[in-house]
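First the structure, in the form of structure tokens, and then the observations on it.
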Amino acid sequence: MYAIEALSLSKRFGDIQALTHVDFSVNVGETFGFLGPNGAGKTTTIRILTGISAPTEGTARIFGNDIVQETIAARRQMGIVHETSNIYTDLTAWQNLMFTAEMYHVGRTEREKRGSELLDLFGLTERKDDKTNGFSKGMKRRLTLAMGLINDPRLLFLDEPTSGLDVQSNLIIRDVIRDLNEKDVTVFLTTHNIEEANLACDRVAIINHGRIAAIDSPERLKKTIQSVQSVEAAFDLPAPPEPEDLEQIPGVTEVIKQGDKFRLITEDPSAVIEGVMAFAAQRKGRVISVNTLGPSLEDVFIRLTGLDIRTKGVKTVD
Amino acid sequence: MTDLAGCCGELVSELTAAWAIAKKDMLIYYIKPNIIVSGMLFPLFMFLAFAVGRPAESSVMIPGLIAITILFSASSIEPVSIPIERRMKTFDRLLSAPISLHAVVLGESLSGFIYSLGIAVVPLVVGLILFPTPITNIAPLIVGIILTSFCFATMGTLFAAYPTESPGDIMSMLNLVRLPLIFISGVFIPLSQIPDAVRFVTYLSPLTYGNDLIHAAFSAETHFHPVVDIAMICVFILIFQFAANRLYKKFNE
């Protein structure tokens, strides 16, 4: 049995086809990333999988429960952490947790025990009885995650869990996701942070224009675009180089300035390394560091979604 | 037997969740300024505007005041709380919880219902203290206050289904219905004095039956038999509940 099975999900809003025959399955205990540009269909998919919205065609099963026909049974197994930290700011952290527990039919003794544990886990025990309108963004996010876990779910939907958070909150939330994975909790992670998906997910699906563009492990996806490689170089030159100068090196298709380094996109890294050395010598300087980089998951994302943020270099696919 | 136990368990879960929603609303919204204005002060001033100086008997005036107070107080919580929750995205919590939409609608209505029960006591106490208004039959008063409060709380939840994040949008629509109801429901003009040509409209108003039922506590002269009043209010409750359920489902697509 799968934790999630999306079976030919389609959704239409008037003239707009938001999803077209979306098929995928998520194994029990897997951390599954769901990536896509804005408007690609991520939110629509999550709303269908959580039973808020009904598909126009197809269906989905959560641990075997049909989300349309057996909505309540399916929802009992899940926790949901929405994109916005949707907590009740007029209630205390404890009241927020207890309310959510009651909505998920968690018994009094169990919810009080679990509530205390979660407040500890997320570093909120000292603020337990404070109204949450005074909480920082990170604290609100941590409480939202605690509320998503109050019913001890087998499946957790995490929508942009770490977006715009402080370092402490980020670390706590990433640790918790790792722990959940070890406890065999299935995590469905939606994020714009592709590196986060790369590090946390067993597999990722990339959705674009309402269709699944690819599903595989991050490493396998990267292998599909080995042609997108790059050389990262830092220079010590009498005059700082301009990206246009570096574009003249043979084999370089694009140059991206990243802080004090330059990333040179190429299909032939060894030739570009030679070119970089020659460039530095010609400018009477030296190369401080040089690294070859394989394609990142972001490169895969850009290629599959057709985004062209680099204006040239990486060829995009429609 | 197992099916029956399962059904009972489900029902208890639904009612528990509905009660949790109601408790949450009580903690958050009862003391919001716009609730106090629309739920307490507005009905009081409405009544004073229409009743002061009129040579009406207190046995007519007090039931009317109670009915108006219930109409405005019971239907004031959800039109404020639900748009705010949509804006704060907390309403998604209710929609994605393992409960039916009926439980959500019931929970939201319960908070308006309880609020209204508390507020309805005020004109009753005022009537009993300031005016010689003997209660001749307590049963229709209790049943009338309870059913009418629940009916208008459910009506408030129904109007709040309109997918907006602004309480003002819903309040405007609601007042388009609530204000005419006062004039066609026998609150100020006895039903017997309403022209036959427009009387059928009065039968479409739940306030007609609520006011008539409460009136039965103060006077033996009522327009309908109390059983008819009770049955009609129950019908309106069911209509509002199922319509609300349908609209929340439709608008969340």
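Here the structure is a predicted model, which means the values were calculated and not measured. All values below were derived from every heavy atom in this structure, side-chain atoms included, with hydrogens, water molecules and symmetry-related copies excluded.
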Rounded at 0.5 Å granularity, tell me how far [atom1] in [X] sits from [atom2] in [Y].
| X | Y | atom1 | atom2 | result |
| --- | --- | --- | --- | --- |
| Thr71(A) | Ile99(B) | OG1 | CD1 | 12.5 Å |
| His82(A) | Lys89(B) | NE2 | NZ | 11.0 Å |
| Glu85(B) | Asn86(A) | CD | CG | 10.0 Å |
| Glu102(A) | Lys24(B) | CD | NZ | 12.0 Å |
| Leu94(B) | Met103(A) | CG | CE | 5.0 Å |
| Ile52(A) | Asp92(B) | CD1 | CG | 5.0 Å |

Taking atom [atom1] of [X] as the centre, does the number of heavy atoms from other residues, nucleotides or ligands within less than 6.0 Å exceed 12?
| X | atom1 | result |
| --- | --- | --- |
| Met88(B) | CE | no |
| Phe63(A) | CZ | yes |
| Ile16(A) | CD1 | no |
| Arg211(A) | CZ | no |
| Tyr2(A) | OH | no |
| Arg246(B) | CZ | no |

Toward chain B, the part of [X] with a non-hydrogen atom under 4.5 Å:
| X | answer |
| --- | --- |
| Gln95(A) | side chain |
| Thr56(A) | neither |
| Thr89(A) | side chain |

> Can you check whether Ala97(B)'s main-chain N or O pairs, donor with acceptor, with Arg75(A)'s side chain at less than 3.5 Å?
Replying inline: yes
> Do His105(A) side-chain atoms and Thr16(B) backbone N/O form a donor-acceptor pair below 3.5 Å?
Replying inline: no
> Out of Phe99(A), Tyr88(A), Tyr104(A), which one racks up the most heavy-atom pairs below 4.5 Å with chain B?
Replying inline: Tyr88(A)
>> Can you tell me which of Asn151(A), Thr84(A), Thr50(A), Thr44(A) forms the most heavy-atom pairs within a distance under 4.5 Å of chain B?
In response: Thr84(A)
Side chain from CB out, backbone as N, CA, C, O: work out which of these in [X] comes under 4.5 Å of a heavy atom of chain A, or both, or neither.
| X | answer |
| --- | --- |
| Lys23(B) | side chain |
| Leu101(B) | neither |
| Lys32(B) | side chain |

> Step by step, would you call Asp90(A) with Leu27(B) a side-chain contact (heavy atoms from CB on, under 4.5 Å)?
Replying inline: CA-CA 8 Å; Asp90(A) 288 310; Leu27(B) 281 169; over 6 Å; no
> So which heavy atom on Ile72(A) is nearest to which on Pro98(B), and how close?
Replying inline: CG2-O, 3.3 Å
